[in-house]
Amino acid sequence: MEIEFDKLTDEQKKCVLRYTKVHKKLTNLQSEMEDIQTRIKETIEELELIRKQEHKIFNNGKKE
């Protein structure tokens with residue numbers, strides 16, 4: 001359903017604009033969250049690689 005913005009009352013226009021603003025904020029936040037999730041995954045993978053390398057170098061904490 002398409003809204004004809006020009007035919008709305010001033011109060012209705014204000015509401016539509018507020019909804020639009022909130023929707024844009026939510027969309028931006030969701031995008032930021034997806035970026036953060038990607039960065040978290042990459043950082044965890046980096047941490048796991050460091051742990052594997054450390055275990056290899058230090059023989060898993062065991063003395064030879």
Report task. May I ask whether Leu29 and Val22 are part of the same hydrophobic cluster, defined by side-chain heavy atoms of I, L, V, M, F, W, Y residues being less than 4.5 angstrom apart, directly or through others? Result -> no
Report task. Identify, with sequence neighbours excluded, every residue that meets salt bridge (charged side-chain N to carboxylate O under 4.0 Å, His left out) alongside Lys24. Result -> none
Query raised in the report: Is Thr27 reaching over with its side chain to a backbone N or O of His23, donor-acceptor style, under 3.5 angstrom?
Result: yes
Run the side-chain donor-acceptor check on residues 35-50: report pairs under 3.5 Å with partners two or more places apart or on a different chain.
| from | atom 1 | to | atom 2 | distance (Å) |
| --- | --- | --- | --- | --- |
| Thr38 | OG1 | Glu34 | O | 3.0 |
| Thr43 | OG1 | Arg39 | O | 2.8 |

Requested in this report: Would you mind listing every side chain to side chain donor-acceptor pair (under 3.5 Å) that reaches into residues 8-22, with sequence neighbours excluded?
Outcome: Thr9-Gln12
